[in-house]
Amino acid sequence: MSSSESNQIAFSFLFRMNDLYQGYIGEVLKLVLRETVYDVWSQHTEKRLLENVYSGRGNILLKPDFVIVDENSIPKIIVDTKWLVPDSFPGKYIEVCQVRLDSLQASMEDVGRLLSEGVQENRSL
């Protein structure tokens, strides 16, 4: 990167924040679930969204960021992460769950709370 006014050169790092955030949340999920019977699958590609009525084949790949499975590899919770600003979608309903990034402990508490809320909504977990 260079400045046309001062002729100084500076270095910068650019990150794809959605990818960075997704990787971070994946590691936090693994830490939170490490002493449980649950496992975290990243970029799980087993499920298909629709089935072609003529061929019987699954046509649209459902590829969530994370799938939390039990000890029998049965999916229990599907997690999709987005790095976004909720106010940038006026008039649209988006369920936003925040995870604090100021410390690993805060992130683990938030992810644990979200998982606990998911368990309460889905008693089969």
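It should be emphasised that the depicted structure is a prediction, and the values quoted were computed from it without experimental measurement. The figures here come from the full heavy-atom set of this structure, side chains too, leaving out hydrogens, waters and symmetry mates.
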To the closest 0.5 Å, what do you measure between [atom1] ([X]) and [atom2] ([Y])?
X	Y	atom1	atom2	result
Tyr38	Ile68	OH	CD1	9.5 Å
Thr81	Asp65	OG1	CG	3.5 Å
Asp110	Gln105	CG	CD	10.0 Å
Leu31	Leu104	CG	CG	6.0 Å

A side-chain contact here means heavy atoms from C-beta on lying under 4.5 Å apart; do [X] and [Y] qualify?
X	Y	result
Asp39	Leu33	no
Val69	Ile74	no
Val67	Val79	no
Phe66	Leu29	yes

Which heavy atom of Val32 sits nearest a heavy atom of Met108, and at what distance?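 Nearest pair, atom of Val32 first, then Met108: CG2-O, 3.6 Å.
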Going only through I, L, V, M, F, W and Y residues with side-chain contacts under 4.5 Å, is there a path from Tyr21 to Leu114?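 Yes, Tyr21 and Leu114 fall within the same hydrophobic cluster.
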Side-chain heavy atoms under 4.5 angstrom apart, residues restricted to Ile, Leu, Val, Met, Phe, Trp, Tyr: same cluster for Val111 and Ile78?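 Different clusters.
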Does anything in residues 24-33 pair up under salt bridge (Lys or Arg N to Asp or Glu O under 4.0 Å), and if so which pairs, sequence neighbours excluded?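 Counting only pairs at least two positions apart or across chains, the salt bridge (Lys or Arg N to Asp or Glu O under 4.0 Å) contacts touching residues 24-33 are Glu27-Lys30.
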Holding to side-chain contact (heavy atoms from CB on, under 4.5 Å), I want the full list of residues that pass it with Glu35, two or more places apart in sequence or in another chain.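 side-chain contact (heavy atoms from CB on, under 4.5 Å) list for Glu35, sorted by chain: empty.
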Of all residues at least two apart in sequence or in a different chain, which pass the side-chain hydrogen bond (donor to acceptor under 3.5 Å, both in side chains) check with Asp80?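 If we apply the side-chain hydrogen bond (donor to acceptor under 3.5 Å, both in side chains) test to Asp80, skipping adjacent residues, the hits are Lys82.
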Going through the distances and angles, do Arg16 and Gln22 end up as a side chain to side chain contact (heavy atoms under 4.5 Å, CB included)? CA-CA 10 Å; Arg16 297 175 107 177; Gln22 178 182 326; over 6 Å; no
